[in-house]
Amino acid sequence: MTEESAHGGGAAERAIATDGGEPTDGDEGVVRRDRFSGGPARSFLSSLAADRRIFAADLEVDRAHTVMLAERDIIGDDVAGEILTALDAIEVDGHGSLPDGEDVHEAIETAVIERIGAEGGKMHTARSRNDEVAACIRYRLREDVLEAIETTLALRESLIDVADDHRETIMPGYTHLQPAQPTTVAHWALAYEGAVRRDTERLLAAYGRINESPLGGAAFAGTTFDIDRERTADLLGFEGVVENSMDAASSRDFLLETTQALSTHATTLSGLAEDVIIFANRGFVDLADDYSSTSSIMPQKKNPDTLELVRAVAGDAAGGVQGLTTTLKGLPRAYNRDLQRATTHAWETVDAVTEASEVAAGAVATADWDEETLAAEAGEGFSTATGVADLLAANGLPFRTAHELVAIAAEGGADYDALEAAAQEVLGESLEAHVDREAVKAALDPVESVASRDSQGGPAPEAVAPQLEAARESLATDADDLASLTDALEAAHERLRSEVNGYV
């Protein structure tokens with residue numbers, strides 16, 4: 001992932017030995033001059049092993065660039081055919097067969113030249129490894145982000161299914177991990193579905209900014225050759241180009257944005273995992289064996305290990321954001337070798353978060369909710385107190401007076417008798433002077449309390465219904481968008497292959 005010139009065959013041709021145009025046995029590669037081909041820091045400079053991830057992307061970028069060069073009569077069709085044939089052979093042989101080099105781009109170019117001679121150096125005409133690597137990163141990252149989006153959709157589908165199955169399953173709700181108000185499993189599941197939906201939206205938005213081609217920006221100042229950047233963008237499935245050539249070669253904000261979006265999703269996953277871990281501890285939910293483990297010494301235990309690891313991924317993702325931000329901070333414009341270290345943070349983050357999202361989706365989909373235990377615990381800690389206070393306020397008492405009355409009752413037993421005693425203390429009269437006894441008893445019941453909370457977005461089954469509908473509609477829309485983006489990449493791949501076949 002290193003800087004290179006953008007002139008004709010350039011350094012590649014100048015580096016070839018003069019004995020008939022083939023590299024000598026002693027050459028480390030044919031892209032760098034001898035002065036820069038070795039030394040004790042060579043392994044430190046090299047990213048070849050790490051570049052395995054973008055090996056296929058680099059071949060596609062090479063193909064698109066070569067086809068464009070031939071179409072623009074910058075290189076001959078016969079030379080293009082030889083280069084493209086060599087690239088196909090290199091693909092078959094695989095990354096492991098590449099010659100030594102500073103990076104995958106140099107190694108592939110060297111391999112082409114070793115196969116067809118000096119003419120192979122013409123594949124690098126009118127570009128630099130600066131715009132080349134930027135194109136390869138974007139090309140591969142698109143696939144990774146689409147996979148990550150797919151896992152968010154799977155998780156949302158799991159949450160929607162849970163909500164649909166448990167519209168009326170009462171459960172305790174918490175704030176500060178203290179019993180607060182009764183709610184439903186559906187309401188809880190849809191709360192996370194909404195958060196994951198926004199995570200999907202952030203990744204889709206990031207994808208749009210990834211999906212622009214930097215190819216043709218060259219080292220940073222463009223090229224003297226009559227290239228067609230829109231053509232290579234089309235062949236590679238990019239929606240357009242990064243217009244400014246300096247911006248094209250040097251910018252990595254798309255990496256940072258993507259890593260931040262993934263970190264946000266990891267934070268959502270961590271909260272979901274924490275909730276389910278706590279619920280499992282309290283007997284509210286039973287995780288499937290596939291998403292649990294047991295102790296090596298305590299055979300009775302069933303541990304939510306997978307979700308604990310999901311929870312931990314948030315720290316890894318936050319570290320990726322911090323590492324990438326620090327790497328990019330303060331870099332002068334145009335290419336700097338620091339950028340070689342930037343992509344590692346993004347690759348590690350996208351892999352970890354995608355896997356965690358997939359695991360979370362499976363854990364949620366296969367978990368078994370204990371409806372009896374949930375119902376029994378739904379009213380713990382006088383969780384219907386707010387409903388009683390609301391009832392009193394609806395019947396004319398100032399809410400703060402009602403709040404004080406219910407707070408006193410909570411200390412005295414949290415039942416109707418305690419409320420009556422509190423009314424005598426606070427109001428100096430019976431509770432029935434303000435509200436019907438049966439209405440109060442209904443407000444004290446968790447099921448009735450939930451049913452009464454039918455405001456938009458609330459937990460009442462009739463309020464959950466439109467939330468479920470909106471969630472399904474949004475999921476379908478995002479699934480269609482994902483399919484369209486995936487199809488567009490596949491169509492571009494086939495389009496490029498068709499063009500390549502015209503030369504080989």
Side-chain angles (χ1 to χ4, degrees), residues 1 4 8-10 12-13 15-16 21-23 27 29-31 47-49 51-129 131-140 142-143 213 215-216 227-228 231-238 488-504:
M1 301 183 186
E4 185 59 272
E13 291 187 21
I16 296 174
E22 294 298 323
D27 281 345
V30 296
V31 176
S47 65
L48 182 57
D51 289 346
R52 180 181 297 273
R53 190 181 190 108
I54 57 172
F55 172 67
D58 189 85
L59 290 170
E60 290 293 86
V61 169
D62 288 342
R63 288 171 176 132
H65 186 68
T66 301
V67 167
M68 182 275 295
L69 291 176
E71 291 176 346
R72 304 296 289 181
D73 295 325
I74 297 171
I75 64 174
D77 288 355
D78 56 339
V79 173
E82 290 185 82
I83 292 170
L84 293 168
T85 300
L87 290 172
D88 284 351
I90 292 166
E91 181 174 40
V92 171
D93 291 345
H95 180 274
S97 69
L98 291 175
D100 186 32
E102 283 188 3
D103 54 38
V104 71
H105 322 294
E106 175 187 337
I108 288 175
E109 186 178 348
T110 299
V112 170
I113 293 170
E114 287 176 347
R115 280 171 168 79
I116 69 173
E119 293 287 272
K122 291 185 177 180
M123 67 182 282
H124 202 58
T125 305
R127 75 173 182 188
S128 160
R129 275 186 289 175
D131 60 326
E132 181 183 359
V133 66
C136 293
I137 293 169
R138 288 172 181 265
Y139 188 96
R140 174 55 198 261
R142 292 184 309 186
E143 299 174 8
S213 175
L215 198 60
I227 62 173
D228 186 345
R231 175 59 170 159
T232 51
D234 179 66
L235 289 171
L236 293 170
F238 289 109
L489 294 190
E490 181 59 32
H493 177 73
E494 293 175 0
R495 188 161 58 247
L496 177 56
R497 187 70 251 177
S498 176
E499 294 294 341
V500 168
N501 288 341
Y503 293 91
V504 300

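At least one side-chain heavy atom of Glu494 sits under 4.5 Å from a side-chain heavy atom of Glu490. Using a 4.5 Å heavy-atom threshold, the side chains of Asp234 and Arg495 count as touching. The side-chain heavy atoms of Glu71 and Asp228, taken from C-beta on, include no pair separated by under 4.5 Å. Two residues are said to be in side-chain contact when any heavy atoms from C-beta on lie closer than 4.5 Å; Val112 and Lys122 fail this criterion.
Residues meeting the side-chain hydrogen bond (donor to acceptor under 3.5 Å, both in side chains) test with Glu91, sequence neighbours left out: Arg63. Annotation: side chain to side chain contact (heavy atoms under 4.5 Å, CB included) contacts of Asp73 (sequence neighbours excluded): none. Looking at residues two or more places apart in sequence or on another chain, you find no salt bridge (Lys or Arg N to Asp or Glu O under 4.0 Å) involving Asp58. With sequence neighbours excluded, the residues that form a side chain to side chain contact (heavy atoms under 4.5 Å, CB included) with Ala57 are Ile54, Cys136, Tyr139, Arg140. Looking at residues two or more places apart in sequence or on another chain, you find a side-chain hydrogen bond (donor to acceptor under 3.5 Å, both in side chains) between Arg72 and Asp226. Thr232 pairs by the side chain to side chain contact (heavy atoms under 4.5 Å, CB included) definition with Met68, Leu215, not counting sequence neighbours. By the ring pair (Phe, Tyr, Trp, His ring centres under 6.0 Å) test, Phe55 is found to be paired with His95, residues two or more places apart in sequence or in another chain being considered. By the side chain to side chain contact (heavy atoms under 4.5 Å, CB included) test, Ala64 pairs with Leu235, Leu236, Leu496, sequence neighbours left out.
Evaluated for a side chain to side chain contact (heavy atoms under 4.5 Å, CB included) with Ile108, the options Asp51, Val61, Ile113, Leu87 yield exactly one hit, Leu87.
Remark: Ile90 CD1 to Ser97 OG distance equals 7.5 Å, nearest 0.5 Å. How far CE of Met123 is from CD1 of Ile116: 8.5 Å, rounded to the nearest 0.5 Å.
Annotation for Pro99 and Thr110: closest pair CG-CG2, 3.8 Å, computed over non-hydrogen atoms. Heavy atoms only, all atoms of each residue included: Thr125 and Ile75 are closest at OG1-CG2, 4.5 Å.
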Name every donor-acceptor pair, under 3.5 Å, that has one atom in a side chain of residues 497-504 and the other anywhere in the protein, sequence neighbours excluded.
{"unit_1": "Arg497", "atom_1": "NE", "unit_2": "Asn501", "atom_2": "OD1", "d": "3.2"}
{"unit_1": "Arg497", "atom_1": "NH1", "unit_2": "Asp88", "atom_2": "OD1", "d": "3.2"}
{"unit_1": "Arg497", "atom_1": "NH2", "unit_2": "Asp88", "atom_2": "OD2", "d": "2.9"}
{"unit_1": "Arg497", "atom_1": "NH2", "unit_2": "Asn501", "atom_2": "OD1", "d": "3.3"}
{"unit_1": "Glu499", "atom_1": "OE2", "unit_2": "Arg231", "atom_2": "NH2", "d": "3.2"}
{"unit_1": "Asn501", "atom_1": "ND2", "unit_2": "Arg497", "atom_2": "O", "d": "3.3"}

Do any side-chain atoms of residues 76-86 form donor-acceptor pairs under 3.5 angstrom with protein atoms, and if so which ones, sequence neighbours left out?
{"unit_1": "Thr85", "atom_1": "OG1", "unit_2": "Gly81", "atom_2": "O", "d": "2.8"}

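Applying the ring pair (Phe, Tyr, Trp, His ring centres under 6.0 Å) test to pairs two or more places apart or on separate chains, none has a residue in residues 65-88.
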